[in-house]
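Order of listing sets the numbers, starting from 1, for every ligand and every atom in it. One-based numbering along the sequence shown.
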Amino acid sequence: MATPHINAEVGDFAETILMPGDPLRAQFIAETYLENVKRVCDVRSMYGFTGTYKGKPVSVMGHGMGIPSCSIYVHELIKDFGVKNIIRIGSCGAVHDDVKLMDVIIAMGASTDSKVNRIRFANHDFAAIADYHLLETAVNQARAQNVAVRVGNVFSADLFYSPEVGLFDKMEKLGILGVDMEAAGIYGVAAELGAKALTILTVSDHIKRGEKLSAEARQHSFNEMMNVALETAINL
Ligand SMILES: O=P(O)(O)O[C@H]1O[C@H](CO)[C@@H](O)[C@H]1O
Ligand SMILES: O=c1cc[nH]c(=O)[nH]1
């Protein structure tokens, strides 16, 4: 039955869903990679699609920007629509000298300045981590496709434009590979509701060097990440 944010029916989504922040990236993926595609929801133009990839069912849907937005969609997809595996496919900023635009990062864990996981966990630190099977499958699929991936810790920030002087230097020192705005929240929702989650990111900005991809490139050019995510989705 439809929820306040997803106007689909039970059974409309596959067990595994790919989720970018941008609903137009979701549409691009559905139109470019999936066959037999049906648009299954469109509330607030947050488009969701289900189709097949190499004959196996896969869904793709946007989740918006920031932990509050993605938490609503991921919660309802798991609880109301039976989705079992969430694979976020996002963009991120880099802070390390040796990480460059278009590099692909797999978030083994996600640090954050958001309080959501403390709210879930009696104000204690919660280690927001990827599901190991999803992680291992993604690494294996990347190797099979000769896609170089970095695997490690990312940082999910509440603010895209951070006023905290020096925060990015601290991140670099602590080995944070990329900065996004959702991974830690999605890992928290998945843990709370007993689902599996993974985040794969493509570097769209170098925060320290001031380098940026265009909006068009963020929507249409992340093919290596899409291929790794789609092959992961059908090899679980
Ligand atoms: O490209 P997406 O998946 O939206 O991810 C990143 O891009 C947005 C900010 O530009 C935030 O949602 C951030 O996490
Ligand atoms: O959250 C994000 C996403 C892309 N680039 C950034 O700098 N931060």
Q: Evaluate salt bridge (Lys or Arg N to Asp or Glu O under 4.0 Å) for Lys54 paired with Glu35, printing each intermediate quantity in order.
A: CA-CA 8 Å; Lys54 299 190 177 171; Glu35 292 181 322; over 6 Å; no
Q) Yes or no on side-chain contact (heavy atoms from CB on, under 4.5 Å) for Val228 and Val104, after CA distance, side-chain angles and deciding distance? A) CA-CA 10 Å; Val228 171; Val104 179; 5.6 Å; no
Q: Output, in order, the C-alpha distance, side-chain angles, deciding distance and verdict of ring-ring contact (aromatic ring centres under 6.0 Å, His included) for His63 and Tyr73.
A: CA-CA 6 Å; His63 60 47; Tyr73 294 107; 8.0 Å; no
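Nearest-heavy-atom check against atom 4 (O) of ligand 1 across Gly62, Gly21, Pro23, Gly93 picks out Gly21. Looking at Arg25, Arg88, Arg218, it is Arg88 that brings a heavy atom closest to atom 5 (O) of ligand 1.
Rounding to the nearest 0.5 Å gives a distance of 11.0 Å between CG of Asp12 and CG of Leu77. If you take NE2 on His75 and CZ on Phe81, they are separated by 11.5 Å, rounding to the nearest 0.5 Å. Once rounded to the nearest 0.5 Å, the distance linking CD1 of Ile129 with OG1 of Thr199 reads 12.5 Å. Between atom CG of residue Asp169 and atom CE of residue Met171 there is a gap of 10.0 Å, rounded to the nearest 0.5 Å.
Looking at Phe160 next to ligand 2, no N or O pair under 3.5 Å apart turns up. No N or O atom of Arg218 sits closer than 3.5 Å to an N or O atom of ligand 2. For a threshold of 3.5 Å applied to N or O pairs, the pair formed by Gly90 and ligand 1 contains no separation below that value.
Residue Asp205 touches ligand 2 through its side chain alone, judged by heavy-atom distances below 4.0 Å. Contacts between Ser204 and ligand 2 below 4.0 angstrom, taking non-hydrogen atoms only, involve the side chain exclusively.
Of the protein's non-hydrogen atoms, the one nearest atom 7 (O) of ligand 1 is Ser91 OG, 3.2 Å. Counting only heavy atoms of the protein, atom 10 (O) of ligand 1 lies nearest to Phe160 CE1, 3.5 Å. Counting protein heavy atoms only, atom 2 (C) of ligand 2 is closest to Val179 O, 3.2 Å. Closest protein heavy atom to atom 14 (O) of ligand 1: Glu182 OE1, 2.5 Å. Nearest protein heavy-atom neighbour of atom 6 (C) of ligand 2: Gly93 N, 3.4 Å. Annotation: atom 8 (C) of ligand 1 to nearest protein heavy atom, Met65 SD, 3.7 Å.
Each of the atoms 7 (O) of ligand 2 lies under 4.0 Å from some heavy atom of Ile207. Set against the non-hydrogen atoms of Asp180, the atoms of ligand 2 under 4.0 Å away are 1 (O). The distance from ligand 1 to the heavy atoms of Asp180 drops below 4.0 Å at these ligand atoms: 14 (O).
Under the 4.5 Å side-chain criterion, counting only non-hydrogen atoms from C-beta, Phe155 is in contact with Asp113.
Under the 3.5 Å distance criterion, the side-chain polar atoms of Arg25 are matched with a main-chain donor or acceptor of Arg218.
The pair Lys115-Asp158 fails the salt-bridge criterion, with no side-chain N (NZ, NE, NH1 or NH2) lying under 4.0 Å from an Asp/Glu carboxylate O.
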